Amino acid sequence: MATINFGGVLEDVVTREEFPMEKAREVLKNETIAIIGYGVQGPGQALNLKDNGFNVIVGQRKNSKTWDKAVADGWVPGQTLFEIEEAAQKGTILQFLLSDAGQIALWPTLKQYLTPGKALYFSHGFGITYKEQTGIIPPADVDVILVAPKGSGTSLRRLFLAGQGLNSSFAVFQDATGRARERVIALGIGVGSGYLFETDFKKEVYSDLTGERGTLMGAIQGIFAAQYETLRKNGHSPSEAFNETVEELTQSLMPLVAENGMDWMYANCSTTAQRGALDWWKKFKEATQPVFEELYASVAAGKEAERSIASNSQADYREKLNEELKELRESEMWQAGSAVRKLRPNN
Ligand SMILES: NC(=O)c1ccc[n+]([C@@H]2O[C@H](COP(=O)([O-])OP(=O)(O)OC[C@H]3O[C@@H](n4cnc5c(N)ncnc54)[C@H](OP(=O)(O)O)[C@@H]3O)[C@@H](O)[C@H]2O)c1
């Protein structure tokens, strides 16, 4: 572990320097890693592990587009690609990478293959934390571990191919073998993480649900919509409103924030922009703080999990989702966005 100062707070993290790939390979040399589910995280983690020299197989239900995708990615039926139950039987580490609703449905089947000494791996604390609602209660004689990449499986793969990595959190919920910690860190390095920071299953799911409902997705769309509407009501054109709300942020400012931080971006914009941003960010913070408190309380009370399980397990879930996405897609702001994207010079 390396001790790093995060804004005055010391944290122990794992980097590839203290835990190089050769060490990860040594720790997992006798393991068969079964990736159960080949949706978004499955391909990213499976391909990165394989390319990093680990012994990987994929478990995916047959007669689905996802099975065909796995074949197209180079997994060979009967050798490295199997039906879920066969992969679960062969694997010593089972990476449970189905959708959260899929995990609930498949759990009664999967648990039969969790023989003593195996490891059950998650990329989200959801199933274990909300066990009353998911029914996911692992046997006591297996390791239960987590590596949660902080981003999409697609980015995990792309960054790996570019020689970079997504940061991930890791956690041990149950250490039955005495090897859970080295197993989970080796897997975190193997899937192509940047650095690894420690958490527990509950903190992982609370922060994840808050983040996606908050600044990563929910809050940002809400703030975009409020500003766009205000500009439009005051007579600004869609082009002007979209550029001042979204396009400038994603194309110009956020890449600078990603590289050097918000302070640097503030320091390198016009003095008029600086003054205004410094005056107004605290008002937005005060206005939204109660909403974030409400959100966190809802997550901690299990209400967000309950709502997501109830809606995701309905048979017409996809249709209803498509209706809601259609509303977003057909809103003037995102239609304007589509027109703006087409006008980008490289298109
Ligand atoms: N999305 C991300 O980038 C991301 C980021 C960090 C962590 N995570 C976590 O990683 C895990 C996997 O997420 P994901 O987004 O990769 O999932 P996903 O794409 O929704 O998973 C789809 C996979 O689950 C299978 N599946 C769904 N229901 C099933 C069922 N009832 N029986 C058998 N197979 C079923 C699908 O098979 P079919 O195609 O045959 O239906 C497919 O292989 C989750 O715990 C998630 O929270 C995800």
Side-chain angles (χ1 to χ4, degrees), residues 37-44 60-61 63-69 97-107 123-127 129-130 133-135 151-155 205-233 236-239 241-247 249-250 254 288 291-292 294-299 301-344 347:
Y38 204 72
V40 183
Q41 277 297 316
Q60 167 60 41
R61 57 183 171 191
N63 302 323
S64 77
K65 280 192 189 142
T66 314
W67 173 278
D68 300 339
K69 176 175 159 36
L97 298 181
L98 266 49
S99 62
D100 295 324
Q103 290 183 19
I104 297 171
L106 194 77
W107 175 247
S123 282
H124 198 9
F126 194 98
T129 302
Y130 299 115
Q133 298 172 54
T134 63
S152 145
T154 311
S155 314
V205 72
Y206 284 14
S207 57
D208 192 73
L209 296 188
T210 301
E212 64 205 10
R213 280 154 184 71
T215 59
L216 303 178
M217 294 172 73
I220 198 159
Q221 164 61 19
I223 288 185
F224 283 168
Q227 174 168 310
Y228 183 88
E229 210 175 292
T230 305
L231 289 170
R232 290 287 290 131
K233 268 192 198 148
H236 298 267
S237 67
S239 194
F242 190 83
N243 272 283
E244 287 297 346
T245 303
V246 180
E247 191 72 353
L249 181 74
T250 58
M254 277 301 150
T288 56
V291 186
F292 281 102
E294 182 191 337
L295 164 58
Y296 194 86
S298 178
V299 169
K303 286 189 203 155
E304 296 302 310
E306 199 180 313
R307 176 155 163 70
S308 115
I309 292 170
S311 81
N312 297 355
S313 45
Q314 282 172 16
D316 60 352
Y317 167 69
R318 279 268 151 218
E319 287 151 41
K320 285 192 176 147
L321 171 75
N322 285 337
E323 273 303 304
E324 287 184 71
L325 292 180
K326 187 165 167 246
E327 183 193 331
L328 208 54
R329 186 170 57 246
E330 291 184 353
S331 67
E332 186 195 283
M333 179 169 75
W334 289 110
Q335 287 295 310
S338 163
V340 171
R341 289 196 297 278
K342 285 191 192 120
L343 288 167
R344 284 183 194 153
N347 275 338

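What you are looking at is a predicted structure, and each value in this text was computed from that prediction instead of being measured. The basis for the numbers below is simple: all heavy atoms, side chains too, and nothing from hydrogens, waters or symmetry mates.
Put simply, CD on Glu229 and OG1 on Thr245 are 11.0 Å apart, with the number rounded to the nearest 0.5 Å. Asp100 contributes atom CG, which lies 12.0 Å from atom CD of Gln133 (distance to the nearest 0.5 angstrom). Remark: Leu97 CG to Gln60 CD distance equals 11.5 Å, nearest 0.5 Å. The CZ atom of Arg341 sits 9.0 Å away from atom OG1 of Thr250, with the distance rounded to the nearest 0.5 Å. Taking CG of Leu328 as the reference point, atom CD of Gln335 lies at 10.5 Å (rounded to 0.5 Å). Distance check: Glu319 CD to Gln314 CD gives 11.0 Å after rounding to the nearest 0.5 Å.
Of all heavy-atom pairs spanning Ser308 and Phe126, the tightest one is OG-CZ, 3.8 Å. Residues Ile104 and Thr134 approach most closely at CG2-O, 3.6 Å, considering heavy atoms. Closest approach of Ile220 to Leu249, counting heavy atoms only: CD1-CD2, 4.5 Å. In terms of heavy-atom proximity, Phe242 sits nearest to Ala336 at CB-CB, 4.2 Å. Considering every non-hydrogen atom in both Thr210 and Leu295, the closest pair reads O-CD2, 3.6 Å. Scanning all heavy atoms of the two residues, the minimum distance from Val246 to Trp334 falls at CG1-CH2, 3.9 Å.
A donor-acceptor pair under 3.5 Å is formed between the side chain of Ser99 and the backbone N or O of Gly102. Between the side chain of Arg213 and the main chain of Met217, no donor-acceptor pair closer than 3.5 Å is present.
Side-chain contact between Ser311 and Lys320 is absent, with no heavy-atom pair separated by less than 4.5 Å. In this structure, Met333 and Gln227 have side chains that are not in contact, with every pair of non-hydrogen atoms separated by 4.5 Å or more. Residues Glu247 and Arg344 are in side-chain contact: their nearest non-hydrogen atoms beyond the backbone lie under 4.5 Å apart. His124 places none of its side-chain heavy atoms less than 4.5 Å from the side chain of Thr129.
Below 30°, between 30° and 60°, or above 60°: for Tyr296 and Tyr206 the angle between ring planes is above 60°, a perpendicular geometry.
Open room surrounds CD on Glu294; 12 or fewer heavy atoms of other groups in view lie less than 6.0 Å from it. No more than 12 heavy atoms of other residues, nucleotides or ligands lie within 6.0 Å of CG in Asn63, so this atom counts as exposed by the packing criterion.
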